[in-house]
Amino acid sequence: MARRKSNAPPKATRQPAKQKFSSAERSSLYASREAAKVLGTVLRGDAERRAVASIKSLVFSPSVRNKRGTFALVCETLKHLTVIKEVLEIANALNSKWKRQEPLVYIICYDILFGKEPPLIGDAEKFLMKRKDALVSSLATLLVRKKAETVDELLGVSQLNGPLKPRYVHVNTLKMDVDSAVQELGKLYKVQKDETVPDLLVMPPGSDLHAHHLVKNGRIFLQGKGSSMVAAALQPEADWEVIDACAAPGNKTINLAALMKGQGKIIACELNEERVKRLEQTIKLSGATNIEVFHGDFLGLDPEDPSFAKVRAILLDPSCSGSGTITDRLDHLLPSHSADNNKNYDSIRLHKLAVFQKKALAHALSFPQVERVVYSTCSIHQIENEDVVSSVLPLASSLGFELATPFPQWQRRGLPVLAGSEHLLRMDPEEDKEGFFIALFTKTKQTRELELV
C-alpha cells in the first residue's frame, strides 16, 4: 500500500539558544588570554635563562589592549606562582590537555584562589571552576603542611622596598619639541628637565602615562635614565651611518634617529623574530624614516663588506643579566629568583653572557671606518662590565681606539680594576635607583688622519 505524502511542513528542529555574554564577561575572557600569553613568554624565557623582554615591555606593547589589568594579573600570578603550582599538585587537578596550557591555568587559578572569581565563559574557566572546592581545600592543606597561618606568610615574598624611582620620559624630537612636551605633561604632573640628558624629562614616582595620547602617538616614550644616556653618549652626527647592534625593543634606536635629526642611516640589528616585530612597531610609532631593520645576527656582519664602509659609529647594548634593573623589570617575581633558587645570577650564566659580550664588543671595534663605539649594560656585575672592557683594550688600542669619558660631569665611575676605569660610567641601584654601565671607545685623531691618507 502506497504511503501518502503529507503536505504539512516538517517539524522544526529546536536549536539550543545561543548564550549571550556581557561585555564585562567578554573583556574578562580576553584579558585572561592576553595575560596568559605574556606569562607564557616570560616563563619560557626564564626556564631557558634566555633574554626576553621585561614583563612591563611585553604588557605595554601595542598588541595588548587592557594594559593595566593585564600587568596586574601577570604580576600577581607570578607572585603567587609557587603556591598555585603546589595547590594544583595536591589537588591533582590537571589532565594532559590542560598541562599543555599551564600559563592560562595559572592565571585562572590565581583568580579562583586569590582574585575575582572568573566568569564561566571559557573552557578553561569551566574546567577549573568545577574543581574549585578541591583547589581551595588543597590550599588549606598546603597552609597546614607549611605551618603558615596566612598566604602572605606562605609566600614570604621580598617586595624589594626602597626609595621610589621617578618616572622618566624621553621626548621624541622627531615629532615634538621638549618645551611643548613639558607644557602638555605639566597639565597632569610636575615636570622637570633632566640635568644629564637633554631630551629627558623627570616626573614624580607613580606618574601613570601609559594611556596618555603623547605615548600612544609616539611623541614621547617611557624610558629609564640609564637607557636614555646610551645614545647620547655615542653622539652620532646627523649624516653618519650607525649600527645599533642589538636593537630591540627599539628605544635606543629611535633615540639615535632623533639625535641624527632623521638624517643619515641607522642599521638596526635584531636576531629574534618576535623582537624584530616589536622593534618595527617602535620605529613605526616614532615616525623615524632613517632606520633600516636587519633581521639577523650582528656577529654575522662582515666588517669588510663594502655596504658597511660608511659606518662611523656602533651602539652595542647586548643581552645581559639585567641585574641593575631587577626591580624595574620585576625579575624578582620569576621562578629563577625564588628562595629555592640561587638568589643571584649564577656564575655559569654570567660567564656565558660575558663570553658573548666580549665577542660582540671586539666585533664592533673591527669595522674599519668606525670612530665611536658605545658598550652598555643594565648590569651591576664586574664580569659583564669592567672585565669585558679590560679584555678588549689591547685589541682596541691596536685599532687606534681609546677610552673616552661620557658625561664628564657624572660622578660615579668604573670600578678601579683596570687602567682607564675613571672613563667608565656607572649608575648605582641605590643612589640612582637603577644599575647601569657605559663605556665609550673613540678613535684617536691621529688614527683618523692616517686612515684618510
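Note that these values count all heavy atoms, side chains included, but never hydrogens, waters or copies made by symmetry.
- At a threshold of 4.5 Å between non-hydrogen side-chain atoms, the residues P236 and L259 count as touching.
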Side-chain donor-acceptor contacts of residues 237-244 below 3.5 Å, not counting sequence neighbours, with atom names and distances?
unit_1 : atom_1 : unit_2 : atom_2 : d
D244   : OD2    : T253   : OG1    : 2.6

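- H363 contributes no side-chain N or O that, together with a main-chain N or O of K359, makes up a donor-acceptor pair within less than 3.5 Å.
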- Message: Under the criterion side chain to side chain donor-acceptor pair (under 3.5 Å), I'd like the reasoning laid out for S227 against Q223: C-alpha separation, chi angles, the key distance, then a yes or no.
- Response: CA-CA 7 Å; S227 174; Q223 185 177 9; 2.9 Å; yes

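- Residue E273 qualifies as open at atom CD: its count of foreign heavy atoms under 6.0 Å is 12 or below.
- Contact check for M229 versus M427: side-chain heavy atoms found under the 4.5 Å cut-off.
- For H423, there are no ring-ring contact (aromatic ring centres under 6.0 Å, His included) partners, not counting sequence neighbours.
- Within the structure, the salt bridge (charged side-chain N to carboxylate O under 4.0 Å, His left out) test picks out the following pairs touching residues 167-186 (sequence neighbours left out): D179-K193, E184-K187.
- A donor-acceptor contact closer than 3.5 angstrom links the side chains of Q382 and D387.
- Looking at heavy atoms from C-beta onward, F437 lies out of side-chain contact with L415 at the 4.5 angstrom threshold.
- Side-chain contact annotation: N172 with H170, donor-acceptor N/O pair under 3.5 Å absent.
- Residues P303 and P368 have side chains in contact (heavy-atom distance under 4.5 Å, counting atoms from C-beta outward).
- Judged as a side-chain hydrogen bond (donor to acceptor under 3.5 Å, both in side chains), and not counting sequence neighbours, T77 has no contacts.
- Side-chain atoms of L43 and L81, non-hydrogen and from C-beta on, do get closer than 4.5 Å to each other.
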- Query: Are N255 and S228 close enough, and set up right, to give a side chain to side chain donor-acceptor pair (under 3.5 Å), and what steps lead you there?
  - Reply: CA-CA 7 Å; N255 294 162; S228 298; 4.9 Å; no

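- Side-chain N or O atoms of E270 include none that pairs as donor or acceptor with a backbone N or O of V276 at under 3.5 Å.
- Inter-residue side-chain proximity for L299 and F356 is flagged as met; some heavy-atom pair is nearer than 4.5 Å.
- Listed by first and then second residue, the salt bridge (charged side-chain N to carboxylate O under 4.0 Å, His left out) pairs involving residues 281-295 are K265-E292 (not counting sequence neighbours).
- Side-chain N or O atoms of T282 include one that pairs as donor or acceptor with a backbone N or O of P249 at under 3.5 Å.
- If you run side-chain contact (heavy atoms from CB on, under 4.5 Å) between V202 and each of V197, V169, D194, V191, only D194 comes through.
- A search for side-chain hydrogen bond (donor to acceptor under 3.5 Å, both in side chains) contacts involving T196 returns K225, not counting sequence neighbours.
- Annotation: side-chain hydrogen bond (donor to acceptor under 3.5 Å, both in side chains) contacts of E102 (sequence neighbours excluded): Y106.
- Counting only residues at least two apart or on different chains, no salt bridge (charged side-chain N to carboxylate O under 4.0 Å, His left out) pair has a member in residues 415-425.
- Note: I107 CD1 to I112 CD1 = 12.0 Å, rounded to the nearest 0.5 Å.
- Residues K277 and E274 are paired through a salt bridge, judged by an N-O separation under 4.0 Å between the basic side chain and the carboxylate.
- Residues in residues 307-316 take part in these salt bridge (charged side-chain N to carboxylate O under 4.0 Å, His left out) pairs, two or more places apart or across chains: R312-E371.
- Proximity of a side-chain donor or acceptor of Y189 to a complementary backbone N or O of D208 within less than 3.5 Å is detected.
- At least one side-chain heavy atom of F114 sits under 4.5 Å from a side-chain heavy atom of V83.
- Distance check: L361 CG to S391 OG gives 7.0 Å after rounding to the nearest 0.5 Å.
- Ion pairing of E434 with R412 is absent here, as no side-chain N (NZ or NE/NH1/NH2) approaches a carboxylate O to less than 4.0 Å.
- Side-chain N or O atoms of R219 include none that pairs as donor or acceptor with a backbone N or O of K216 at under 3.5 Å.
- Judged by distance alone, with hydrogens and angles left aside, the side-chain atoms of N290 form a donor-acceptor pair with the main-chain N or O of Q263 at under 3.5 Å.
- The shortest distance between side-chain heavy atoms of L440 and T405 does not fall below 4.5 Å.
- R426 places a side-chain N or O within donor-acceptor distance of the main-chain N or O of I380, the cut-off being under 3.5 Å.
- Applying the side-chain contact (heavy atoms from CB on, under 4.5 Å) rule to Q281 yields the partners P62, R278; only residues at least two apart in sequence or on another chain are considered.
- Between V74 and A35, the closest heavy-atom pair is CG2-O, 3.6 Å.
- In this structure a side-chain-to-backbone donor-acceptor pair under 3.5 Å is present from H212 to L214.
- The line from OG1 of T289 to CD1 of I283 is 11.0 Å long, rounded to the nearest 0.5 Å.
- Using a distance-only test at 3.5 Å, with no hydrogens or angles considered, no donor-acceptor pair links the side chain of E402 to the main chain of K443.
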- Message: Go through it in stages, so that I can follow the logic: the residues are S379 and T377, the test is side chain to side chain donor-acceptor pair (under 3.5 Å), and I'd like the CA-CA distance, side-chain angles, deciding distance and then a yes or no.
- Response: CA-CA 5 Å; S379 171; T377 75; 4.6 Å; no

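- Evaluation of the ring-ring contact (aromatic ring centres under 6.0 Å, His included) rule for Y375 yields no partner, not counting sequence neighbours.
- A233 pairs by the side-chain contact (heavy atoms from CB on, under 4.5 Å) definition with V374, P406, F407, I438, not counting sequence neighbours.
- Here the CE atom belonging to M260 is positioned 10.5 Å from the CG atom belonging to L174, to the nearest 0.5 angstrom.
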